[in-house]
There are 2 protein chains.
Amino acid sequence: MVNPAKFDRQQVVEQAMLLFWQKGFHATSMRHLQQAVDLRPGSLYATFGSKEGLFREALQQYAAHGERLLAQLHAQEGSALRALQLFFHQAIIEQGGRAPSRMCLLAKTVAELTDANAELLAEARRQLKRMEQAFLRLLQQAQSDGELALGCLPEQLAPFLQMQMMGLRAYMQMSCDPAAGERMLQQVFMPLRVVPS
Amino acid sequence: MVNPAKFDRQQVVEQAMLLFWQKGFHATSMRHLQQAVDLRPGSLYATFGSKEGLFREALQQYAAHGERLLAQLHAQEGSALRALQLFFHQAIIEQGGRAPSRMCLLAKTVAELTDANAELLAEARRQLKRMEQAFLRLLQQAQSDGELALGCLPEQLAPFLQMQMMGLRAYMQMSCDPAAGERMLQQVFMPLRVVPS
DNA sequence: TTATGCCTTGAACAGTCGTTCATGTTCAAA
DNA sequence: TTTGAACATGAACGACTGTTCAAGGCATAA
């Protein structure tokens, strides 16, 4: 390497991701991104190729962060079901006001984009499916640990959880009412409780 | 009226709404709208004032159509709970592929817009709240008709239903799998079933 | 028929979009 | 010290954005 780049690629993607998360793909201009990451167009285009390229990496970084958090919660709590519950609580209640948006960036992207950006749309869908599979693994673990009633079907519960995650965060974006979020969060996890014998 | 307009205002709003529904606010250009409704910029701006003005009317027309459909289902079915169920089924399963988007236009708008378009964002939130109140009235009706267990709390169930409506349609936008939609739809309405005594 | 106001038209505006590229800078290897 | 490849810079590109407006068409009232 003759002359290494002077910026941290991951840090640039992180800043770009936060901006995309806040304003969405179309409303985020390259001018604004250039200012946010403090890079001139030449450097950005040499590194990411296009606005779409930068957005794709932002999506991947966002999803990777989510998966990492879920695994970390599982490790530190021991319980798979408790990890899921904490993950939901964190995404919906705690991070609510601090994050650039109350909604999931992947869900926002699936909502905003069309076939006109087919690759990005497919990438967002793929990452959402990955998260759903992570939910599935945790639910299976919970079941074999006896945390989840044997009558439950993790293969049906995982998409159901994913659906409710998207719904909860979309609802929060609409109402901005933490109390309602907390109440519905309990309603979501109520049927997962194993009845004490 | 000296020289009345030659176009049908409601029809224009309808066409614009379909385009906004498909592509979102930012990705829909006035040029494209002008072509879709076959009007020149002067007429559009004289009638709606701005892109935002046209979008606001599109949101209102969309919401009005939803409320009308819900009332019509209630009238023709007699049962409030059955009306809700049909409404969900129609929005999520049937209209799925035919509509410009699998998602709700109001939810898409809340997901896409920011404070940069505060009035439009507020309008979308208001219309979503109106729908939730329509849900609430039907749930109360169902309860007093004995369709809904007395233990249920319509004031908690209505936001829960709204949340799941948003979640279901967002999930469908992600997976495009009608079977999964049908399955989750049953899961949503399962706890509402009154147990036969 | 003329006069009066509304409606329609399409060219044009200033601004912004994503993107390119010639130019200048930096730094390890020769 | 010279060389040369990788990187940084910012002006500039053509296309497109939302919006305006002068000019012309139209239908009613006088």
Side-chain angles (χ1 to χ4, degrees), chain A residues 1-13 15-59 109 112-121 123, chain B residues 1-13 15-59 109 112-121 123:
Chain A
M1 191 67 70
V2 177
N3 192 16
K6 282 146 199 70
F7 56 89
D8 178 354
R9 182 186 183 113
Q10 185 157 332
Q11 212 166 322
V12 165
V13 174
Q15 288 302 315
M17 183 268 275
L18 293 175
L19 210 56
F20 279 129
W21 191 1
Q22 181 186 35
K23 314 181 60 169
F25 179 73
H26 284 117
T28 304
S29 72
M30 287 303 285
R31 298 289 207 286
H32 197 168
L33 282 165
Q34 288 156 26
Q35 180 186 340
V37 306
D38 192 29
L39 280 182
R40 263 37 67 193
S43 303
L44 269 182
Y45 278 85
T47 310
F48 302 101
S50 66
K51 186 186 181 184
E52 296 209 358
L54 178 52
F55 189 69
R56 169 164 37 249
E57 288 209 28
L59 287 179
T109 300
E112 181 185 1
L113 297 190
T114 66
D115 296 334
N117 303 97
E119 292 179 37
L120 293 178
L121 184 52
E123 181 66 35
Chain B
M1 193 67 70
V2 179
N3 192 16
K6 282 144 199 71
F7 56 89
D8 178 355
R9 182 185 183 114
Q10 185 158 332
Q11 212 166 323
V12 165
V13 175
Q15 288 303 313
M17 182 267 276
L18 293 174
L19 210 57
F20 279 130
W21 193 2
Q22 180 186 34
K23 314 181 59 167
F25 179 73
H26 285 116
T28 304
S29 71
M30 287 303 284
R31 295 291 207 282
H32 197 167
L33 282 165
Q34 288 156 27
Q35 180 186 340
V37 305
D38 192 30
L39 280 182
R40 263 38 65 194
S43 302
L44 269 182
Y45 278 85
T47 309
F48 302 102
S50 65
K51 186 186 182 185
E52 296 209 357
L54 178 51
F55 189 68
R56 168 165 37 247
E57 288 209 28
L59 287 179
T109 300
E112 181 185 0
L113 296 190
T114 66
D115 296 334
N117 304 95
E119 291 179 38
L120 294 178
L121 184 51
E123 181 65 35

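Numbers restart at 1 for each chain; the letters A, B, ... are given by sequence-line order, proteins then strands. Just the heavy atoms: all of them, side chains too, but no hydrogens, waters or symmetry mates, feed the values below.
Positionally, the nearest nucleotide of DNA chain D for A:G42 lies more toward the 5' end than for the other of B:Y45 and A:G42. Across the interface with DNA chain C, nearest-nucleotide mapping of A:H32 and A:P41 shows A:H32 to be the residue nearer the 5′ end.
Within a 6.0 Å sphere centred on CD of A:E52, heavy atoms belonging to other residues, nucleotides or ligands number more than 12. With a 6.0 Å radius and a threshold of 12 heavy atoms from other residues, nucleotides or ligands, B:D8 has its CG atom above the threshold.
Distance B:N117 CG to D:dT17 P: 16 Å, rounded to the nearest Å. With rounding to whole Å, A:L39 atom CG is found 13 Å from D:dC7 atom P. Between the C1' atom of C:dT19 and the CZ atom of A:R31 lies a distance of 9 Å, rounded to the nearest Å. Straight-line distance from the CZ atom of B:R40 to the C1' atom of D:dT20: 17 Å, rounded to whole Å. One atom, CD of A:Q35, and another, P of C:dG18, lie 14 Å apart when rounded to the nearest Å. Taking atom CE on A:M30 and atom P on D:dG10, their separation rounds to 16 Å, with Å as the unit. Taking atom CG on B:L44 and atom P on C:dG10, their separation rounds to 14 Å, with Å as the unit. A:F7 places its CZ atom 17 Å from the P atom of C:dT26, with the value rounded to the nearest Å.
Heavy atoms of A:F48 sit nowhere under 4.0 angstrom from any nucleic acid atom. At a threshold of 4.0 angstrom between heavy atoms, the contacts of B:E52 with the nucleic acid are absent. Nucleic acid contact for B:T47: none, since no nucleic acid atom lies under 4.0 Å from a heavy atom of the residue.
A heavy-atom distance below 4.5 Å is not found between the side chains of B:L33 and B:Q15.
Here the side chain of A:K51 pairs a donor or acceptor atom with the backbone of A:F25 at under 3.5 angstrom.
Checked against C:dT19, C:dG18, C:dT8, the side chain of A:Q34 finds its nearest nucleotide in C:dT19. Here the side chain of A:K6 is nearest to one of D:dA8, C:dT8, D:dG18, namely D:dA8.
Between B:S43 and the phosphate of C:dT8, there is a side-chain N or O to OP1/OP2 separation shorter than 4.0 Å.
Ring planes of B:F55 and B:F20: perpendicular class, angle over 60° (limits at 30 and 60°).
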